Amino acid sequence: MVTINAPARNWAGNVTFGAQRLHRPASVGELRRVVAGSRQLRVLGSGHSFNLIADTPGDLVRVDGLPPRIDIDAARRRVTIGGGLRYAEVNAALHAAGFALANLASLPHISVAGSCATGTHGSGDSQRGLASAVTALELIGPGGDTVRLDRAADPDVFPGAVVSLGALGVVTALELEIEPSYDVAQWVYENVPLDGLDGARFDALTGAAYSVSTFTRWHDGRGTVVLKRRLDRESAAHPGPGWQGGTLATAPWHPIPGAPTEHSTEQRGVPGPWHERLPHFRPGHRPSHGAELQSELFLPRAAAPEAFAVLRELGGLLAPVLQVSEVRTIAADEQWLAPSYGRDSVAFHFTWVLDAQAVVPVVAELEARLLPLGARPHWGKVTTLPPATVTGSYERFADFRRLVLERDPDGVFRNPFVADLLAAA
């Protein structure tokens with residue numbers, strides 16, 4: 001096991017963790033001993049959060065040193081993976097065995113366990129968040145004991161245990177639903193007018209492919225729409241050169257204007273495996289811009305027209321600090337703390353410049369305008385909303401609080417971020 005005294009930083013570099021020690025155990029046994037000997041402990045996954053959700057004044061643990069477990073059960077269509085693996089590693093192994101996941105996030109560089117714990121998602125009218133694929137998980141609880149929770153066997157607590165904010169223990173393994181591998185073709189339409197993007201037109205746009213994303217900077221009334229068509233269910237052809245009033249892209253494209261296009265997954269309708277098309281970015285290449293902050297708000301899908309109007313109105317405020325914004329849809333989820341819990345949702349993601357002093361006031365104004373429409377912030381990104389406002393938007397947060405206090409009464413896995421949420425509920 002490696003124990004490091006030097007401070008660790010998050011992916012964007014905007015957070016330096018305050019942990020006394022950073023541990024990287026090489027086995028589950030070593031991890032159990034670390035947990036048993038710690039009064040306060042948090043897990044650092046791929047470090048892709050932009051706030052203090054992973055911070056702790058105690059011990060910080062990375063689990064990417066654990067054995068890279070990937071056990072495929074073809075008959076049950078399940079895969080059990082180690083808690084330290086990233087999507088890129090899992091995706092490659094599944095595809096090599098002829099299997100796939102139904103949904104992926106924008107970048108494959110992120111850890112599976114951390115993504116699920118924070119409610120991360122992909123895009124698609126029929127696709128729920130990434131945590132919905134989890135059917136069981138194993139974790140190390142307080143005292144170093146191993147706990148297994150199963151969707152079928154533990155229906156009363158399982159929906160609160162996957163999107164858990166790291167408050168129940170250290171996840172050492174997850175069991176995920178898998179399916180036969182499939183191909184995807186990706187088309188990009190530029191200069192799509194955003195005017196009137198409500199009602200039937202919004203449904204036609206988001207329903208035009210298995211996965212759909214709209215990128216915009218809001219200030220000029222136009223966006224770029226990315227269609228990812230699943231070829232075992234949809235045609236590989238694009239819907240027409242002038243679809244939705246846009247222009248079919250004939251050259252490679254990157255979501256961040258001016259960024260190298262070779263970092264993006266292949267477009268222009270070239271068929272390819274699911275894991276090489278559903279994300280926006282390639283593994284082994286720099287995802288997004290790198291020098292950035294991120295925030296994201298989830299609204300009821302029915303609020304999309306009003307949200308579009310608000311964002312168009314705020315376009316001039318956003319433009320100086322916004323690199324790009326992405327709009328995606330997510331199906332209603334059953335995970336208690338999933339931002340799409342109980343409602344079909346539309347998510348507004350913002351990639352900002354790496355300047356917190358300039359960005360935070362803009363995020364505050366944005367949240368003030370969208371909160372009355374039912375906005376919920378992403379658990380791992382920048383927000384200015386007070387804990388009571390956040391927890392008040394989740395119908396099952398009181399149940400989650402009871403689960404945490406029951407499973408970790410001494411608060412070993414709590415930090416100020418989680419403690420403030422529980423105190424506000």
Side-chain angles (χ1 to χ4, degrees), residues 102-106 115-134 151 155-165 177 197-214 294-311 325-350 363 366-381 383 385-403 421 424-425:
N103 197 11
L104 292 173
S106 296
S115 301
C116 292
T118 54
T120 299
H121 62 99
S123 185
D125 287 355
S126 64
Q127 298 301 307
R128 294 182 294 175
L130 302 182
S132 67
V134 179
R151 182 197 290 173
D156 294 336
V157 300
F158 191 76
V162 185
V163 185
S164 66
L165 315 184
E177 295 172 326
L197 196 59
D198 55 14
R201 185 174 174 229
F202 185 68
D203 293 343
L205 187 146
T206 65
Y210 183 72
S211 175
V212 178
S213 293
T214 299
Q294 294 181 11
S295 67
E296 187 169 30
L297 295 170
F298 299 73
L299 281 74
R301 184 181 175 112
E306 293 174 88
F308 267 86
V310 168
L311 290 163
S325 176
E326 182 180 8
V327 183
R328 291 176 284 181
T329 56
I330 309 102
D333 213 309
E334 297 176 354
Q335 306 288 333
W336 295 348
L337 295 194
S340 56
Y341 173 78
R343 65 194 196 189
D344 290 338
S345 299
V346 56
F348 295 90
H349 184 277
F350 303 88
V363 172
L366 186 63
E367 291 178 329
R369 295 291 301 274
L370 294 181
L371 187 63
L373 303 181
R376 294 169 176 164
H378 190 294
W379 293 111
K381 300 185 188 294
T383 182
L385 296 176
T389 300
V390 175
T391 61
S393 68
Y394 286 88
E395 297 90 329
R396 300 298 299 271
F397 196 89
D399 295 317
F400 176 74
R401 181 179 184 275
R402 282 191 290 270
L403 177 62
L421 292 169

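All figures in this text were calculated on a predicted structure; none of them were measured in a lab.
The CG atom of L385 lies 5.5 Å from the CG atom of L371; values are rounded to the nearest 0.5 Å. Here OG1 of T120 is found 8.0 Å from CD of E296. Values are rounded to the nearest 0.5 Å. Here the CG atom belonging to L104 is positioned 7.0 Å from the CG atom belonging to L130, to the nearest 0.5 angstrom.
Using a 4.5 Å heavy-atom threshold, the side chains of L421 and W379 count as touching. Using a 4.5 Å cut-off on side-chain heavy atoms (C-beta onward), F350 and K381 make no contact. Side-chain contact check for S106 versus E326: some heavy-atom pair is nearer than 4.5 Å.
Remark: the backbone N or O of A331 is not paired with any side-chain donor or acceptor of D344 at under 3.5 angstrom. The backbone N or O of S132 sits less than 3.5 Å from a side-chain atom of R151, completing a donor-acceptor pair. Although no hydrogens or angles enter the test, the distance criterion places a donor-acceptor pair under 3.5 Å between the side chain of N103 and the main chain of R128. Here the side chain of S325 pairs a donor or acceptor atom with the backbone of H349 at under 3.5 angstrom.
Looking at every heavy atom in both residues, A347 comes nearest to I330 through CB-CD1, 3.6 Å. Contact between C116 and V134 at its shortest, heavy atoms only, is SG-CG2, 3.8 Å. Nearest heavy atoms, A375 versus L299: CB-CD1, 3.8 Å. Counting all heavy atoms, side chain and backbone alike, P339 lies closest to S345 at O-OG, 4.2 Å. What you find for G122 and R328 is that their closest heavy atoms are O-CD, 3.7 Å. The heavy-atom pair separating L297 from P377 by the smallest distance is CD2-CA, 3.9 Å.
In terms of the salt bridge (charged side-chain N to carboxylate O under 4.0 Å, His left out) criterion, E306 has no residue partners (sequence neighbours excluded). For Y210, there are no ring-ring contact (aromatic ring centres under 6.0 Å, His included) partners, not counting sequence neighbours. Not counting sequence neighbours, S123 has no partner by the side chain to side chain donor-acceptor pair (under 3.5 Å) test. Annotation: ring-ring contact (aromatic ring centres under 6.0 Å, His included) contacts of Y341 (sequence neighbours excluded): none.
Applying the side-chain hydrogen bond (donor to acceptor under 3.5 Å, both in side chains) definition to pairs two or more places apart or across chains, those involving residues 329-338 are D125-T329.
With 3.5 Å as the limit, one finds no donor-acceptor pair spanning the side chains of S211 and Q127.
In this structure, H378 and H121 have tilted ring planes: the angle between them lies in the 30° to 60° band.
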Under 3.5 Å, side-chain donor or acceptor atoms of residues 389-401 against the rest of the protein: list the pairs with distances, not counting sequence neighbours.
from	atom 1	to	atom 2	distance (Å)
T391	OG1	P387	O	3.2
T391	OG1	A388	O	3.4
S393	OG	V390	O	2.7
E395	OE1	R376	NH2	3.2
R396	NE	D399	OD2	2.4
R396	NH2	D399	OD2	3.3
D399	OD1	R402	NH2	2.2
R401	NE	L422	O	2.9

